[in-house]
Amino acid sequence: MPLENHRFDFVVCTAAFKNFKEPVKALCEMYRVLKEGGTALVIDMNREATDEAIEHEVSKMKGLDKYFVKFSFKTFLKQGAYTKEEFETFIKETPFKNYDIRKEGIGLYVYLYK
């Protein structure tokens, strides 16, 4: 990222992490731009999301979009997503030492503390 070192108190990445070709490098960049004591939060789909959880998520939607979103979740979005265990493996290769990963619905919430 073309940003200064130690610039931000909080960094958030929502629904995009699965698109990074080099996930460890992305996490290292988040660490680099965080101030000491800062937090990074990655929110993305969990590849282990169940069909029931996906059904629950799309049940709130209306119209034809509901079917496209459900198809997207069950196919290419889920296939590109990571599991909690994969995130833990990535994190071990970064300077982050403190983290918390929460599974909520179809998502993972990965809190990383500098």
Side-chain angles (χ1 to χ4, degrees):
M1 293 184 284
L3 302 166
E4 298 173 29
N5 294 346
H6 318 292
R7 174 112 174 133
F8 300 100
D9 295 309
F10 188 75
V11 173
V12 65
C13 176
T14 305
F17 196 83
K18 66 185 153 302
N19 300 315
F20 298 151
K21 292 179 182 177
E22 299 179 77
V24 172
K25 187 174 180 181
L27 293 172
C28 288
E29 280 295 284
M30 290 178 198
Y31 186 90
R32 182 184 66 78
V33 300
L34 276 175
K35 293 179 182 176
E36 195 61 40
T39 301
L41 172 59
V42 177
I43 304 169
D44 215 323
M45 189 166 186
N46 177 2
R47 189 169 68 228
E48 297 178 326
T50 64
D51 286 346
E52 294 79 21
I54 292 171
E55 289 291 338
H56 177 72
E57 187 70 27
V58 299
S59 69
K60 307 166 194 168
M61 300 176 180
K62 298 191 186 303
L64 293 176
D65 288 348
K66 174 180 181 174
Y67 300 102
F68 174 73
V69 171
K70 181 165 65 170
F71 173 78
S72 300
F73 280 155
K74 287 186 174 185
T75 58
F76 60 91
L77 292 177
K78 186 174 176 178
Q79 291 169 1
Y82 297 107
T83 65
K84 178 182 180 192
E85 292 75 18
E86 287 172 319
F87 265 105
E88 289 171 336
T89 299
F90 297 151
I91 294 166
K92 287 178 185 174
E93 297 181 46
T94 74
F96 285 109
K97 300 301 175 218
N98 298 314
Y99 65 91
D100 180 30
I101 302 176
R102 302 174 192 171
K103 295 180 182 181
E104 294 183 25
I106 65 169
L108 288 177
Y109 292 73
V110 182
Y111 294 86
L112 303 153
Y113 308 103
K114 184 170 182 179

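Computation of the quantities below employed the complete heavy-atom set of this structure, encompassing side-chain atoms and omitting hydrogens, waters and symmetry-equivalent molecules.
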**OP:** Using a cut-off of 6.0 Å, state whether more than 12 heavy atoms not belonging to K103 lie near its atom NZ.
**Re:** yes

**OP:** Return yes if some donor-acceptor pair links the side-chain N/O of R47 with the main-chain N/O of Q79 below 3.5 Å, else return no.
**Re:** no

Original post:
Are side-chain heavy atoms of L108 and F17 found at a separation under 4.5 Å?
Top reply: no

**OP:** With rounding to the nearest 0.5 Å, note down the distance linking CD in E88 to CD in E86.
**Re:** 10.5 Å

**OP:** Apply ring-ring contact (aromatic ring centres under 6.0 Å, His included) to the pair Y82 and F90, showing each step before the final yes or no.
**Re:** CA-CA 10 Å; Y82 297 107; F90 297 151; 4.9 Å; yes

Subject >> Closest non-hydrogen atom pair between T75 and F71, with its separation >> reply: OG1-O, 2.6 Å

Original post:
Is F68 reachable from M61 through a run of hydrophobic residues whose side-chain heavy atoms are each under 4.5 Å from the next?
Top reply: no

**OP:** Evaluate the side-chain proximity of L41 to V11: yes if any heavy-atom separation is below 4.5 Å, no if none is.
**Re:** no

Subject >> S72 side, atom OG; I54 side, atom CD1 - distance, nearest 0.5 Å >> reply: 10.5 Å

Original post:
Do K25 and F20 have side-chain heavy atoms sitting under 4.5 Å apart?
Top reply: no

Subject >> hydrophobic_cluster_shared for Y99 and I43, side chain cutoff 4.5 Å >> reply: no

**OP:** Grab the two heavy atoms, one from P95 and one from C28, that are nearest each other, plus how far apart they are.
**Re:** CD-SG, 3.9 Å

**OP:** Indicate, with yes or no, if V42 and L77 share a hydrophobic cluster defined by side-chain heavy-atom contacts under 4.5 Å among Ile, Leu, Val, Met, Phe, Trp and Tyr.
**Re:** no

**OP:** State plainly whether the residues K74 and E55 are in salt-bridge range, i.e. N to O under 4.0 Å.
**Re:** yes

**OP:** Before giving the answer on side chain to side chain contact (heavy atoms under 4.5 Å, CB included), spell out for Y67 and D65 the whole-Å C-alpha distance, their side-chain angles and the decisive distance to 0.1 Å.
**Re:** CA-CA 5 Å; Y67 300 102; D65 288 348; over 6 Å; no

Original post:
Do the non-hydrogen side-chain atoms of K35 and F8 ever get within less than 4.5 Å of each other?
Top reply: no

Subject >> Within-4.5 Å side-chain heavy-atom neighbours: I91 and L112 >> reply: yes

Original post:
With side chains defined as the heavy atoms from C-beta onward, is the minimum distance between K70 and K66 less than 4.5 Å?
Top reply: no

Original post:
Can you list every side-chain hydrogen bond (donor to acceptor under 3.5 Å, both in side chains) pair that touches residues 104-114, not counting sequence neighbours?
Top reply: H6-K114

Original post:
Got I106 and H56 here, is their nearest side-chain heavy-atom distance under 4.5 Å?
Top reply: no

Original post:
Which distance, rounded to the nearest 0.5 Å, do you find between the CG of D44 and the NZ of K18?
Top reply: 3.5 Å

Original post:
With a 4.5 Å limit on heavy-atom distance, are the side chains of M45 and K78 in contact?
Top reply: yes

Original post:
Would you call the rings of F96 and Y31 parallel, tilted or perpendicular if under 30° counts as parallel and over 60° as perpendicular?
Top reply: perpendicular

Original post:
V33 and L3: which non-hydrogen atoms are nearest, and at how many Å?
Top reply: CG1-CB, 4.0 Å

**OP:** Working to the nearest 0.5 Å, report the span between OG1 of T94 and CG of L27.
**Re:** 6.0 Å

